[in-house]
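Here is the structure we will look at, set down as structure tokens.
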Amino acid sequence: MACQVPEYIPAEIEPRWQRQWEAAGLYHADIDKKRPKFYALTMLPYPSGDLHIGHWYAISPSDARARYKRMNGFNVMFPIGFDAFGLPAENAAIKHNIHPRKWTYANIQKMREQFRSMGTMIDWRREIVSSDEKYYRWTQWFFIQLVKHNLAYQKLSPVDWCPHCNTTLAREQVWGDDRHCERCGTPVIKKDLKQWFFKTTRYADELVNYDGLDWPERVRTLQTNWIGRSEGALVTFKTEAGDALEVFTTRPDTLWGVTFMVLAPEHPLVEKLTTIEQRAEVDQYVLDASRQSDIQRESTEKEKSGIFTGGYAINPVNGEKIPVWISDYVLMTYGTGAIMAVPAHDERDFDFARKFYLPLRIVIQPPGLPELKSEDVTMPLPAFGTMVNSGELSGTPAEQSFRRAVEYVEKIGAGKAATNYRLRDWLISRQRYWGAPIPVVHCPNCGAVTVPEDQLPVRLPDDVEWKPTGESPLKLHPTWRFTTCPQCGKPAERETDTMDTFVCSSWYHLRYLSPDYDKGPFDPQEYDYWMPVDIYTGGIEHANMHLIYTRFFHKALRDMGLTKGNEPMLQLRNQGMVLGEDSEKMSKSRGNVVSPDDLVHTYGADATRAYLMFFARWDMGGPWSSGGIDGVMRWLRRAWSLVLEPGQTGAVNEESVKTLRRKVHQTLRSVSRDFEQFEFNTIISSLMELLNEMAHLKDSVYGSDAWKEAIEIYLQMMAPVVPHIAEELWQRIHKPYSVHTSRWPSVDEKAAADEEITLVVQLNGKVRDRITVPVDISEEEAKTRALKSDIIQKQMEGKEARQIIYVKGRLINIVV
RNA sequence: GCCGGAGUGGCGGAACUGGCAGACGCGCACGACUCAAAAUCGUGUUCCCUCGGGAGUGUGGGUUCGAUUCCCACCUUCGGCACCA
């Protein structure tokens, strides 16, 4: 009997359906104004050459949700592409002596096939490859627009250099306590170089505003901390020579407590302030500071060091003459590179004052204490209490003195309220070959001139010695760099640095709209229909890099009139990470890597997709389990035989029909909700649970309309998760092609409603009994029945119920 | 130090708005089928227990009729930032 039913062989059905879907263009997404659009985007993968389990984890649940949205009537675009420029191509090229281009495009070809084996609804007509000329032409075009709008500039400054990658890095790409390169882990060093920057800081204020965004709190916090907005004031002190010495402070209320000032060793006024007597010591200190690495210098463990310059400044609020010191705890890169020191109320200044026996003045008297004298102070004092020693602010509550102090300095013309940010401009120059060339010509007469737009792209030449020497490989090309100035026509040289690949990925979501469009970076008609991105999924590691860059791009483009709205991606969700079975990060050296190709071979794409959705909360991730996927495989086999194996055709039991329909529609309700909320693991659980129930009921409902309905809804619910088996079974029960274009069923609320419910009966908050009652039972009736329960009677033993709590549909709690 | 996430059986994890803790799966045990094994199916599976119950969601308190859920303090762990004025 059972031998009539074919076996479930994923390797037979999966490739067949993949071919059929592709041939039919089932997943083509085109403008259709009759349907609401839905732009589902997943982060652009790097073509490393092998699709790993992390790619599957990122993409297949996103695909399932996109499919769910499509079945719900949305016109869904789900594109993919390749972030194809970047260092690994060059490193592989150096190791294996193969051209980066060849390596990259071979990898892409392999990964396309791997992606196809996943069974996604990717519209391949929209694929982009960021190293294609037709793509990077527009990356260069954007660079030029940014220059035109004063959002890109060149500057000589100390920058982070990775000695392993042989290139500079943006500040966001330097990670951890030891300040290592985000890509290769090598600690970075400082170099003074002239580099190109994008002015991300212009949007700092806007970037900490997430209005209208449904983004995880975690990402918003990371970005907010990274941008590091602080409100305070800029106050101008004067040196004795009359030079303005500006400081940024977040505590203008403590201006009267300033007892010295500290400049960064690199501060331009150090030279002028230093007296003859102090000269030798100051010079030595400046030299020492310049030799220190950032890690040494920025260590908080280190005891404070510093030198008196011999110079003095005048405090504008009280005319006091205060000594000016230099110290490496003041950073030239933040604020103005100079601080006013208030040792009585700031821990760092307090430590410094202690070390060098500098005086301290209390300006905020803590409440409820006898009047404090400066010699009583053993630690910096808090910011609440009453102002003292502070001119006209004395005697007022400290709470208001921030505002009052700012008003005061504004009145006397010594400063103004100001906001400062930790965020720095984005360094985008890279001294590497495999990237988009920066479209600039350096002319001895005209300076840095951008290449005219009609001459784009500035092509990356193939015949280059790409070995890393610390110099840009393009600089070593015999002819490429020599050109003429687009402005004056005289001999000039091309910029030989290439762009950070994060520039390429800052706008790829726009190129998907029209990958072949050649009148601009994207077709405005497509833009108007598809943008903004409705859901963006990817890893959280990009919170402070790609996600800030792409928001910056959108805002800059908006101000150029190219994009609309303030944000490119409305909703963001992050997946976690799949760990090895040993709960460690997967790596070849640990030997705990799970290969998706092997999984597809052994279990099929459907089982792999389903297990990835099942084994952990998607946003958390967790360890892989080889036994776990067996469980999912069992589920698929059971579903297969549930649909295909005939049941007993006897009398249909009406009670069973009701139970079946109730369970089906309740499951439909929870599965729909879980899809909306990205709770993929409970989708699979619910489907497994329903399968168990259906298997139990099968023989008592087989042949009924309810059974037919149950099977159809079951396959439709499976379709987004396990698209191949669902399609195969859908065909085998003779439903019209395709399950993926069928309309998501709607919940029959009547059928889903419970007729009877289980009420929990508690005694003093402890569960003692459960009673089955009609769903519409009255409160009185429920209480009476609960009190009548044998167990309750026995346990109460004549005790009086003091109080009876009734929660409709849930429980009764008897308090004695 | 500051900010954020997490802590639930042997394991991965469920539990919607304060209301049955442990759904679903893995593993394990027992049973059926089999000469046998695998596969499959069925039953059981938080711990303790004198079989009445008792304890239990990192720890200690609190609020409440009732807390995995809310509040306070703390521990562990992961991630980010860190002399940012």
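Computed from a predicted model, the values in this text were never measured in an experiment. Reminder, nothing fancy here: chain letters follow the sequence lines and each chain counts from 1.
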_B:rU17 versus B:rU69 - spacing of their P atoms, nearest Å_ = 15 Å

*When you get a sec, tell me which of B:rC20, B:rC3, B:rA85 is the closest nucleotide to the side chain of A:N225?*
B:rC3

*Is the glycosidic angle of B:rG9 within 90° of 0, making it syn, or outside that range, making it anti?*
syn

*Does A:R634 put a side-chain nitrogen or oxygen below 4.0 Å from OP1 or OP2 of B:rC26?*
yes

*State, with a plain yes or no, whether a side-chain heavy atom of A:T249 is found less than 4.5 Å away from one of A:L255.*
no

*Over 60° means perpendicular and under 30° means parallel, so classify the ring planes of A:F352 and A:Y329, tilted if in between.*
tilted

*Between the main-chain N or O of A:R171 and the side-chain N or O of A:D160, is there a donor-acceptor pair closer than 3.5 Å?*
no

*Just checking A:R810: base, sugar-phosphate only, or nothing, at a heavy-atom cut-off of under 4.0 Å?*
sugar-phosphate

*Tell me whether B:rG52 sits syn or anti, counting syn as a glycosidic angle within 90° of 0.*
syn

*Give A:V807 one of three labels, base, sugar-phosphate or nothing, depending on what nucleic acid heavy atoms sit under 4.0 Å from its own.*
base

*What nucleic acid atoms does A:V330 come within less than 4.0 Å of, heavy atoms only: base, sugar-phosphate, or nothing?*
base

*Would you classify A:R422 as touching base, sugar-phosphate or nothing, given that sugar-phosphate means primed atoms plus P, OP1 and OP2, and contacts are heavy atoms under 4.0 Å?*
base

*Is the shortest side-chain N/O distance from A:R638 to OP1 or OP2 of B:rC41 below 4.0 Å?*
yes

*What is the nucleic acid contact for A:G335, judged by heavy atoms within less than 4.0 Å: base, sugar-phosphate only, or nothing?*
nothing

*Checking A:H665 side chain against A:V747 main chain: does a donor-acceptor pair fall under 3.5 Å?*
no

*Which of these nucleotides, B:rA14, B:rA23, B:rA85, is closest to any side-chain atom of A:R617?*
B:rA14

_Between A:R662 and A:D754 (side chain of the first, backbone of the second, donor and acceptor by atom type, cut-off under 3.5 Å), is there such a pair?_
no

*Name the nucleic acid region contacted by A:G809, choosing base, sugar-phosphate or nothing; use a 4.0 angstrom heavy-atom cut-off, strictly under.*
nothing

*asked:* When both hydrogen-bonding distances must be under 3.5 Å and the geometry is Watson-Crick or G-U wobble, what is B:rG27 paired with, if anything?
replied: B:rU45

*Describe the nucleic acid contact of A:F352 in one word from base, sugar-phosphate, nothing, applying a heavy-atom distance below 4.0 Å.*
nothing

*Using only side-chain N and O atoms of A:S670, determine if any of them is under 4.0 Å from OP1 or OP2 of B:rC16.*
no

*Are A:K766 and B:rA55 close enough that a side-chain N or O sits under 4.0 Å from OP1 or OP2?*
yes

*asked:* Can you tell me which nucleotide in B:rC20, B:rG25, B:rG19 comes closest to the side chain of A:M688?
replied: B:rG25

*asked:* Once you apply a heavy-atom cut-off of 4.0 Å, does A:N692 come out as touching a base, just sugar-phosphate, or nothing?
replied: sugar-phosphate

*Using the C1' atom on both, measure B:rU8 against B:rU68 and round to a whole Å.*
7 Å

*asked:* Check the phosphate of B:rC81 against A:N544, side-chain N and O only, distance under 4.0 Å to OP1 or OP2. Yes or no?
replied: no

*asked:* Can you classify the ring geometry of A:W635 versus A:Y714 as parallel (below 30°), tilted (30 to 60°) or perpendicular (above 60°)?
replied: perpendicular

*Classify the nucleic acid contact of A:W226 as base, sugar-phosphate or nothing, counting any heavy atom under 4.0 Å across all strands shown.*
sugar-phosphate

*For atom C1', what is the distance between B:rA23 and B:rU57, given to the nearest Å?*
15 Å

_Phosphate OP1/OP2 of B:rG53: any A:R768 side-chain N/O under 4.0 Å_ = no

*Touch check for A:L811, heavy atoms < 4.0 angstrom, all strands: base, sugar-phosphate only, or nothing?*
base

*asked:* I'd like the P distance from B:rG31 over to B:rA14, given in whole Å.
replied: 34 Å

*Return no unless some side-chain N or O of A:N681 is found under 4.0 Å from OP1 or OP2 of B:rA14.*
yes

*What nucleic acid atoms does A:Q762 come within less than 4.0 Å of, heavy atoms only: base, sugar-phosphate, or nothing?*
base

